[in-house]
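Lettering follows sequence order; numbering is per chain, from 1. This structure is a prediction, so every number in the text was calculated from the model and none was measured.
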Amino acid sequence: FSNMELHDEL
Amino acid sequence: MNIFRLTGDLAHLIAIIILLHKIWKSRSCAGISGKSQVLFALVYTTRYLDLVTSYVSIYNTFMKFVFLATSYATIYLIYVKFKATYDHNHDTFRIEFLILPSLALALLINHYFNFLEVLWTFSIYLESVAILPQLFMVSKTGEAESITSHYLFALGSYRALYILNWIYRYATEGHYDLIAIVAGVVQTVLYCDFFYLYITKVLKGKKLQLPA
């Protein structure tokens, strides 16, 4: 899980 | 974005609007668990703090504001405006037994350990059990108004549709988030007995009677 991966789901 | 997530978000929005509309129109929150609504507001607040740090899309930002605004509006109606109709005696689930374990688990199992991410993880775990006070209240009162069961059906369907979305995203993008998936499966399983009653009873025009 990359540190910068943002959560794109609600 | 895919059709499963879109219909899931729509079902979620419909559930929230059904509830808000029911309380507003009937000017009563009888049969509604204020505790579950408090948990949902806590879920959205801790999950959508990233509104200030990251931008995904106008849709994402817009829906986050809608979920935040409607969840606090629902709490206001239950605990302030129509508090005389709030059923204290049946809304007795100890939500600290849901909040504290969710927080502890979020501190232990998360994707990476920083403030926003732990809160996001906490919101995922808490959301999976946030409906328990409402289901507990329905089982205590032994029944639910049909509109409340429509609300529960839409709310339960939203995360079930998200499971299809996660399968789709894994198949097409190879993307998956195990924390969200496991919590989402738990959340959907909690609705299963309700789904069964809803389909076998409510859709046949009968009242939703839970074996007390």
Heavy-atom neighbours of B:Tyr168 OH exceed 12 at 6.0 Å | no
Out of curiosity, B:Leu116 CG to A:His7 NE2, how far, rounded to the nearest 0.5 Å?
-> 9.0 Å
Apply the test side chain to side chain contact (heavy atoms under 4.5 Å, CB included) to residues B:Arg169 and A:Asp8: give CA-CA distance (whole Å), side-chain angles for both, the deciding distance (0.1 Å), then the verdict.
-> CA-CA 12 Å; B:Arg169 289 192 74 176; A:Asp8 61 353; 2.8 Å; yes
Using distance alone, with no hydrogens and no angle criterion, decide if A:Glu9 and B:Asn165 have a side-chain donor and acceptor under 3.5 Å apart.
-> yes
Interchain contact, B:Tyr44 with chain A, by part (heavy-atom threshold 4.5 Å) = neither
Using non-hydrogen atoms and a 4.5 Å limit, figure out which bit of B:Asn60 sits close to chain A: side chain, backbone, both or neither.
-> both
Any side-chain heavy-atom pair of A:Leu10 and B:Arg5 under 4.5 Å = no
Inspect the surroundings of OH in B:Tyr170 and state if more than 12 heavy atoms from other residues, nucleotides or ligands are less than 6.0 Å away.
-> no
Above 12 or not: heavy atoms from other molecules or residues under 6.0 Å from CZ of B:Phe65?
-> no
